[in-house]
Amino acid sequence: MKIATYNVNGVNGRLPVLLRWLEQRQPEIVCLQELKAPDERFPIDAIRRAGYDAIWHGQPRWNGVAILSRIGEIHETRRRLPGEGEDAQSRYLEAAVNGVLIAGLYLPNGNPRPGPKFDYKMLWFERLIAHARELLDSGLPVILAGDFNVMPTERDVYKPERWVDDALFAPEAREAWFRLVGQGWTDAVRHLHPDETVYTFWKYFRNAFVRNAGLRIDHFLLSPGLVDRLVRAEVDLEPRGWDKTSDHAPAWIELAAG
DNA sequence: ATGACCATCCCAGATGGA
């Protein structure tokens with residue numbers, strides 16, 4: 001079973017790229033971030049024609065997350081973190097699919113730092129950490145997947161020294177990441193590729209993708225029971241080179257049958 | 001060290017992204 005995460009940077013603007021990649025790769029489950037569309041503009045018809053069912057949680061202009069499945073029913077369990085109000089930004093969606101609990105998330109960017117946006121990022125992070133504890137304690141097989149907007153280590157940034165004051169690489173954000181992982185989660189890509197340079201995002205500017213001036217900010221965290229089932233963890237670089245593409249590349253993991 | 005590019009939306013230029 002392949003499970004993917006893809007920050008599409010506008011689900012309607014990137015629809016041809018998304019559909020081409022779904023057709024090519026055929027992941028069973030996909031978490032999408034940055035829909036940038038209100039709920040009524042989610043392209044559900046095109047996604048159904050591609051063979052997927054979906055749930056989504058959008059808002060006008062910004063944010064927005066979705067979970068797609070071609071393997072079985074999507075049983076939604078949450079659409080916001082505990083502690084978030086009804087009017088919160090659309091950044092979290094959780095569902096049981098084919099025997100696994102999938103949490104699709106889009107953690108706030110947090111720039112500029114310091115400032116209210118960074119405070120919101122860290123507050124959101126704390127809510128995620130508290131809820132992740134509950135998910136671990138449930139004993140269920142759980143995957144936290146999405147755009148965490150954090151590069152955990154220097155290996156995850158092309159020029160670490162340029163990013164130390166940025167909200168994506170700030171000590172507070174990295175500390176929160178390691179506190180989350182320290183609950184007992186496994187970073188799937190690093191587990192299988194401990195020493196490789198792996199990026200999931202490249203700016204549009206200055207030929208960043210061609211220069212491989214990238215960041216690793218899209219992640220999969222696995223609950224302990226899933227680690228033995230992890231057989232692959234990859235980033236699809238090809239779609240990042242397509243015309244009218246997202247600034248992120250899709251990442252995916254493959255789990256053996258449980 | 002800075003600015004570069006892209007999407008969205010009452011369609012122009014502000015805002016957010018990372």
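Proteins get letters first, then strands, A, B, ... in listed order; numbering begins at 1 in each.
- Contact check, A/R91 against B/dG17: a side-chain N or O comes under 4.0 Å of OP1 or OP2.
- Here B/dA1 presents its P atom at 11 Å from CG of A/D165, a figure rounded to the nearest Å.
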Quick one: side chains of residues 250-258 of chain A, donor-acceptor pairs under 3.5 Å with protein atoms, not counting sequence neighbours, listed by atom name and distance.
| unit_1 | atom_1 | unit_2 | atom_2 | d |
| --- | --- | --- | --- | --- |
| A/W252 | NE1 | A/D236 | OD1 | 2.9 |
| A/W252 | NE1 | A/D236 | OD2 | 3.3 |

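- Side chain of A/R61, nearest nucleotide from B/dG16, B/dT2, B/dA14: B/dA14.
- Salt bridge A/R190/A/E196: absent, no basic N to carboxylate O contact under 4.0 Å.
- Listed nucleotides: B/dT8, B/dA4, B/dT2. Nearest to the side chain of A/R162: B/dT2.
- For the C1' atoms, the distance from B/dC10 to B/dA4 is 30 Å, rounded to whole Å.
- Across all strands shown, A/R113 has no heavy atoms under 4.0 Å from either base or sugar-phosphate atoms.
- Taking the six-membered ring for Trp and the full ring otherwise, the centers of A/H219 and A/W177 sit less than 6.0 Å from each other.
- Clustering ILVMFWY residues whenever any of their side-chain heavy atoms sit less than 4.5 angstrom apart, transitively, puts A/I71 in a cluster other than the one holding A/L101.
- Using a 4.0 Å heavy-atom distance criterion, A/D247 is classed as making no nucleic acid contact.
- No engagement by A/F169 is indicated, since no non-hydrogen atom pair under 4.0 Å with the nucleic acid exists.
- Residue contacts for A/D147: at a heavy-atom cut-off of 4.0 Å it reaches the sugar-phosphate backbone alone, with no base atom in range.
- In the set B/dG3, B/dT8, B/dC9, the nucleotide with an atom closest to the side chain of A/R206 is B/dG3.
- Rounded to a whole Å, the CG atom of A/D243 is 14 Å from the C1' atom of B/dC5.
- Contact annotation for A/P38: backbone-only contact, meaning every heavy-atom pair under 4.0 Å involves sugar-phosphate atoms and none involves a base.
- If you take CG of A/N63 and P of B/dC9, they are 13 Å apart, rounded to a whole angstrom.
- Rounding to whole angstrom units, CZ of residue A/F201 and C1' of B/dA7 are separated by 13 Å.
- If you measure from atom CG of A/N111 to atom C1' of B/dG16, you get 11 Å, rounded to the nearest angstrom.
- Distance noted for atom P between B/dT2 and B/dC6: 23 Å (whole Å).
- Across B/dT8, B/dA4, B/dG17, the shortest atom-to-atom separation from the side chain of A/F205 is found for B/dA4.
- Distance NE2 (A/H248) to C1' (B/dC5): 13 Å, rounded to an integer number of Å.
- Summary of the strand contacts: A/I217 and A/Y204 both lie near DNA chain B, and taking for each the nucleotide with the nearest heavy atom, the more 5' one is attributed to A/Y204.
- Taking the C1' atom of each, B/dA7 and B/dA12 are spaced 14 Å apart, rounded to whole Å.
- In this entry the distance linking NZ of A/K36 with P of B/dT15 reads 15 Å, nearest Å.
- Under 4.0 angstrom from either OP1 or OP2 of B/dC6 there lies no side-chain N or O belonging to A/K244.
- Regarding A/E34, its CD atom lies at a distance of 13 Å from the C1' atom of B/dT15, rounded to whole Å.
- Of the C1' atoms belonging to B/dA1 and B/dT15, the separation is 24 Å, rounded to the nearest Å.
- When side chains are defined from C-beta on, A/W185 counts as touching A/S223, because their heavy atoms get closer than 4.5 Å.
- Using a 4.0 Å heavy-atom criterion, one finds that A/N7 contacts the sugar-phosphate atoms exclusively.
- The aromatic rings of A/W56 and A/F42 lie parallel to each other, their planes meeting at an angle below 30°, with 60° marking the opposite boundary.
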